[in-house]
Amino acid sequence: MANTSNNAVGVDNTFRRKFDREEFLEKAREREKQEAEGKTKSKSKGPPVQRKPLKHRDYEVDLESRLGKTQVVTPVAPLSQQAGYYCSVCECVVKDSANYLDHINGKKHQRALGMSMRVERASLKQVKERFEVLKKRKAPGSFTEEDLDERILKQQQEEEERKRQRRERKKEKKKEKVEEEEETDVDPDVAAMMGFGGFRSTKK
């Protein structure tokens with residue numbers, strides 16, 4: 001029979017950890033209680049922020065005031081004097097105009113202004129009022145159907161004038177060509193006297 005006492009002396013390898021159900025249930029309850037307390041604390045930090053819907057921009061975006069100008073940039077200069085486009089709301093500098101437009105139309109900038117990215121739904125009355133404002137904004141003497149007729153008539157007259165001038169230029173060119181041909185028809189005796197008759201054939 002084989003000897004089973006080969007194990008190291010003083011080591012108990014017969015121990016097996018027992019699973020205490022009650023202990024683990026107690027730990028789970030404690031953890032759930034802490035999580036619930038954490039949620040209520042985070043909710044009670046303050047009331048939810050109510051943001052306004054998006055509004056139409058009431059100022060002109062300046063993208064061209066510093067176009068083509070040279071600027072000395074130092075590392076110690078404040079942000080507003082550094083190269084690029086400075087956003088005073090977010091206190092950041094954007095390097096080019098495309099990214100600056102993306103920034104001022106983006107979520108971070110709008111939230112800093114206190115607006116959400118949602119647009120307020122306009123009522124029928126608001127739309128009608130907007131149409132009235134746009135009609136009044138039109139300058140006096142603005143474009144009408146009579147203006148359209150006048151412009152068409154003027155355009156037709158200009159086109160006829162251009163055609164007439166083209167015809168006259170063609171006539172002048174033809175006249176010049178005829179005159180040049182008449183000048184080249186020289187009397188043979190005169191041509192012989194001037195020495196131009198050497199290339200003619202003398203055969204009869």
Side-chain angles (χ1 to χ4, degrees), residues 54-75 77-90 92-110 113 117 119 122 124-204:
L54 278 175
K55 286 193 301 183
H56 186 273
R57 194 180 295 121
D58 57 355
Y59 61 92
E60 193 72 28
V61 180
D62 181 22
L63 298 175
E64 298 177 355
S65 63
R66 296 197 292 178
L67 192 66
K69 293 184 180 177
T70 306
Q71 182 181 357
V72 178
V73 181
T74 60
L79 279 174
S80 58
Q81 295 175 9
Q82 288 186 8
Y85 296 89
Y86 176 68
C87 175
S88 57
V89 178
C90 304
C92 65
V93 176
V94 186
K95 294 300 176 188
D96 57 47
S97 58
N99 285 330
Y100 179 66
L101 286 173
D102 286 343
H103 169 74
I104 61 175
N105 292 329
K107 187 185 286 185
K108 181 183 173 186
H109 183 81
Q110 298 300 332
L113 290 172
M117 295 302 286
V119 181
L124 180 63
K125 185 181 176 185
Q126 288 173 323
V127 173
K128 286 180 178 177
E129 286 173 2
R130 183 70 177 164
F131 276 132
E132 290 299 321
V133 169
L134 291 173
K135 279 180 187 175
K136 287 175 185 174
R137 193 188 291 177
K138 284 176 76 176
S142 57
F143 188 74
T144 60
E145 286 184 16
E146 288 141 13
D147 294 338
L148 181 64
D149 293 338
E150 284 177 17
R151 282 174 65 181
I152 291 170
L153 186 62
K154 190 177 178 184
Q155 197 171 5
Q156 286 173 349
Q157 288 172 352
E158 287 174 357
E159 186 66 30
E160 286 173 7
E161 182 65 23
R162 280 197 293 270
K163 285 179 181 176
R164 188 183 62 76
Q165 288 175 357
R166 278 200 295 266
R167 283 196 300 267
E168 285 181 3
R169 281 197 297 269
K170 282 183 181 178
K171 284 179 183 177
E172 285 175 7
K173 283 181 182 177
K174 283 182 181 178
K175 194 175 180 182
E176 287 173 5
K177 195 174 180 183
V178 169
E179 287 175 0
E180 284 175 7
E181 287 174 358
E182 286 175 358
E183 286 175 5
T184 54
D185 290 341
V186 183
D187 188 30
D189 295 332
V190 176
M193 264 181 14
M194 295 177 71
F196 296 127
F199 298 106
R200 285 187 188 168
S201 174
T202 53
K203 288 182 181 178
K204 289 183 181 178

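Hydrogens, waters and symmetry mates play no part in the numbers below; they use all other heavy atoms, side chains included.
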Residues forming a side-chain contact (heavy atoms from CB on, under 4.5 Å) with [X], sequence neighbours excluded:
X    : result
Q126 : A122, S123
F131 : V127
D96  : A98, N99
K107 : R111, M117

Can you see which heavy atom on [X] is nearest to which on [Y], and at what distance?
X    : Y   : result
Q82  : A77 : NE2-O, 3.2 Å
S97  : L63 : CB-CD2, 4.1 Å
V93  : L79 : CG2-O, 3.3 Å
A83  : K95 : O-NZ, 3.6 Å
H109 : C90 : ND1-SG, 3.6 Å

Identify every side-chain donor-acceptor pair in residues 152-160 under 3.5 Å, counting partners at least two apart or on other chains, and give the distances.
residue, atom, partner, partner atom, Å
E159, OE1, R162, NH2, 2.6

Do other residues, nucleotides or ligands put more than 12 heavy atoms under 6.0 Å from the CD atom of E64? no
Stepwise side chain to side chain contact (heavy atoms under 4.5 Å, CB included) test for N105 and R57: CA-CA 10 Å; N105 292 329; R57 194 180 295 121; 2.6 Å; yes
Apply side chain to side chain contact (heavy atoms under 4.5 Å, CB included) to the pair Y85 and I104, showing each step before the final yes or no. CA-CA 11 Å; Y85 296 89; I104 61 175; over 6 Å; no
Residues forming a salt bridge (Lys or Arg N to Asp or Glu O under 4.0 Å) with E161, sequence neighbours excluded: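 Salt bridge (Lys or Arg N to Asp or Glu O under 4.0 Å) list for E161, sorted by chain: R164.
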Taking the side chain as everything from C-beta on, heavy atoms only, tell me whether R169 gets closer than 4.5 Å to R166.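 Sidechains of R166 and R169: in contact.
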Quick one, D102 with V94, criterion side chain to side chain contact (heavy atoms under 4.5 Å, CB included). Give me CA distance, side-chain angles, the key distance, then yes/no. CA-CA 10 Å; D102 286 343; V94 186; over 6 Å; no
In sequence, state the C-alpha distance, the side-chain angles, and the governing distance for E172 and K175, and then conclude on side chain to side chain contact (heavy atoms under 4.5 Å, CB included). CA-CA 5 Å; E172 285 175 7; K175 194 175 180 182; 5.6 Å; no
Interatomic distance, NZ@K108 vs SG@C87, rounded to 0.5 Å, equals 8.5 Å
